[in-house]
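Please read these numbers as outputs of a predicted model, since none were measured by experiment. For reference, positions follow the sequence shown, starting with 1.
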Amino acid sequence: MSKRVLITGCSSGIGLDAARRMQAEGWQVVATCRSEQDLAARRAEGMQALHLELSDADSVARLVDEVLATGPLHALVNNAAFALPGAVEDMPRDALRSIFEANLFGTHDLTVRLIPQFRQTGGRIVNVSSVLGLVGISWRGPYVATKFALEGLTDVLRLEMHGTGVRVILIEPGPIASRIRENAIPHFERWVRWQDSARAEDYRNGLLKRLYEPGAKDRFELPPSAVSDRLVHALTAPRPRARYHVTIPTRMSSIGRRLLPTGALDWFARRS
C-alpha cells in the first residue's frame with residue numbers, strides 16, 4: 001500500500017510541483033486548494049483534492065475529518081501561505097492578524113489536529129518556511145514575521161516530538177519561481193494605503209513596479225522542482241535532516257546568522 005501525504009497550497013508554485021512530484025514517486029497525494037477550478041484540475045490529475053481555508057478553523061477541522069475518514073496519513077507538508085508586501089509602518093493591526101491567521105495559526109491548527117494520528121502510526125511533518133524566516137528584507141515585514149514565528153514553533157515541536165516516531169522538518173527556500181508576488185496584490189490593495197504613506201515615493205519607484213510590472217525575477221531564482229527535490233529526501237530518507245536549505249541566499253543567510261554581525265546581515269539583505 002502506498003503512503004499518503006497531505007500537501008497544502010497546491011494551486012501553483014511549490015505546492016503544485018510537490019504534489020506532482022510525490023505522486024510520481026508513488027505516493028497518494030491529498031492536495032488542498034482554495035478555488036474549485038484548482039481542485040478540479042488536481043482531481044483530473046488523479047489526486048484527492050480538498051478545499052482548505054487556513055484562516056477558517058471550521059475549514060481546517062472539516063479537512064482533517066475528510067482526510068482521516070479515507071485512510072491513514074503518513075506525512076503532512078505545510079506549504080500554503082501568502083505574502084503581504086509594504087512598509088511595516090503602513091501595516092494596520094488587522095493586516096497582521098489576517099496573514100498570521102493563514103500562515104501560522106491555521107498551519108499550527110492543522111498540524112496539531114493530525115499529531116494524534118501520527119503518534120499512533122509514525123509520520124513526518126514538513127513545514128515550508130523561507131529564507132525570510134532567517135533574515136528580514138525591506139517591504140516584506142508581515143511575511144517575514146510569520147516565517148520567523150514558524151521557524152521557532154517548528155524547532156520547538158521537533159524537540160517535543162523526539163522519541164515519538166514523528167519527525168518534524170523545515171524546508172527553507174530562497175527565491176523560487178511562483179505566483180506569490182501576483183497573489184500578494186489583492187492583500188496589498190486591501191490593507192496598504194500607500195498613497196497616504198510617508199514613503200509614497202518609495203512605493204512608486206520600487207514596490208509598485210515590482211508588484212505590477214510583468215517579468216520581474218529575483219536573483220538566484222530556481223524552479224519549484226528544487227524544493228521538491230529536497231522534499232523527496234525529507235519524506236523518504238531514514239534519517240531526514242532537521243532543515244533543508246534551497247538556493248544560494250538561504251545557505252548564505254543560514255551561515256551568516258551564525259557567523260556575521262547584525263550589520264553585515266543587514267547589508268546582505270538590502271542587496272538581495
Looking only at the side chains, is there a donor atom on one of [X] and [Y] sitting less than 3.5 Å from an acceptor on the other?
X: N78; Y: T8; result: no
X: T70; Y: R4; result: yes
X: S55; Y: E53; result: yes

Keeping the roles fixed (side chain from [X], backbone from [Y]), state whether a donor-acceptor pair exists under 3.5 Å.
X: E45; Y: R20; answer: no
X: S35; Y: D38; answer: yes
X: S197; Y: R193; answer: no
X: R42; Y: A31; answer: no
X: R167; Y: G123; answer: no

Next item on the list: Determine the interplanar angle of the F82 and H187 rings, folded into 0 to 90°, and report it as parallel if under 30°, tilted if 30 to 60°, perpendicular if over 60°.
Entry: parallel
Which atoms form the tightest heavy-atom contact between [X] and [Y], and what is the distance?
X: R199; Y: A87; value: CD-CB, 4.2 Å
X: G9; Y: N79; value: O-ND2, 3.1 Å
X: L235; Y: W27; value: O-CZ2, 3.8 Å
X: H233; Y: R124; value: O-NH1, 4.3 Å
X: K147; Y: A81; value: NZ-CB, 3.9 Å
X: S2; Y: H74; value: O-CE1, 4.4 Å

What is the distance from atom [atom1] of [X] to atom [atom2] of [Y], rounded to the nearest 0.5 Å?
X: I14; Y: R179; atom1: CD1; atom2: CZ; answer: 13.0 Å
X: T164; Y: Q120; atom1: OG1; atom2: CD; answer: 12.0 Å
X: N127; Y: S129; atom1: CG; atom2: OG; answer: 8.0 Å
X: I99; Y: M91; atom1: CD1; atom2: CE; answer: 8.0 Å
X: H162; Y: L157; atom1: NE2; atom2: CG; answer: 13.5 Å
X: L132; Y: L150; atom1: CG; atom2: CG; answer: 12.5 Å

Check: Do R21 and D17 sit within salt-bridge range, that is, some charged N less than 4.0 Å from a carboxylate O?
Finding: no
Notebook entry, point to check: So does R62 pair up with E66, basic N to acidic O under 4.0 Å?
Noted result: no
Do [X] and [Y] sit in one hydrophobic cluster, given that two such residues count as connected whenever their side-chain heavy atoms are within less than 4.5 Å of each other, even indirectly?
X: V77; Y: L63; result: no
X: V5; Y: V60; result: no
X: I125; Y: L52; result: yes
X: L222; Y: L16; result: no
X: L110; Y: I7; result: no

Checklist line | Audit row: F148, Y143, side-chain contact (heavy atoms from CB on, under 4.5 Å) steps and yes/no | finding: CA-CA 9 Å; F148 265 69; Y143 186 79; over 6 Å; no
Margin query: Looking at R119, I want to see if its CZ is surrounded by more than 12 non-hydrogen atoms of other residues, nucleotides or ligands under 6.0 Å.
Written below: no
Item checked: Q195, CD: over 12 other non-hydrogen atoms inside 6.0 angstrom -> yes
Margin query: salt bridge (charged side-chain N to carboxylate O under 4.0 Å, His left out) for D109 and R113? Distances and angles first, verdict last.
Written below: CA-CA 6 Å; D109 188 15; R113 287 177 183 273; 2.9 Å; yes
Next item on the list: Please step through salt bridge (charged side-chain N to carboxylate O under 4.0 Å, His left out) for the pair E25 and K3, ending with a clear verdict.
Entry: CA-CA 10 Å; E25 295 285 332; K3 292 185 175 181; over 6 Å; no
Decide yes or no for [X] and [Y]: does some side-chain heavy atom of the first lie under 4.5 Å from some side-chain heavy atom of the second?
X: F105; Y: L54; result: no
X: M22; Y: L231; result: yes
X: V67; Y: L50; result: yes
X: Y244; Y: V126; result: no
X: V88; Y: W139; result: no
X: T32; Y: L39; result: no
X: D155; Y: L170; result: yes
X: E151; Y: E172; result: yes

Next item on the list: In sequence, state the C-alpha distance, the side-chain angles, and the governing distance for H51 and C33, and then conclude on side-chain contact (heavy atoms from CB on, under 4.5 Å).
Entry: CA-CA 5 Å; H51 178 265; C33 304; over 6 Å; no
Next item on the list: List the steps and the verdict of side-chain contact (heavy atoms from CB on, under 4.5 Å) for L153 and T107.
Entry: CA-CA 11 Å; L153 205 62; T107 293; over 6 Å; no
Notebook entry, point to check: L73 and Q117: side-chain contact (heavy atoms from CB on, under 4.5 Å), yes or no, with the steps?
Noted result: CA-CA 8 Å; L73 197 65; Q117 191 244 252; 3.4 Å; yes
Checklist line | Option from L208, I180, L211, I185 for which side-chain contact (heavy atoms from CB on, under 4.5 Å) with P85 holds | finding: L211
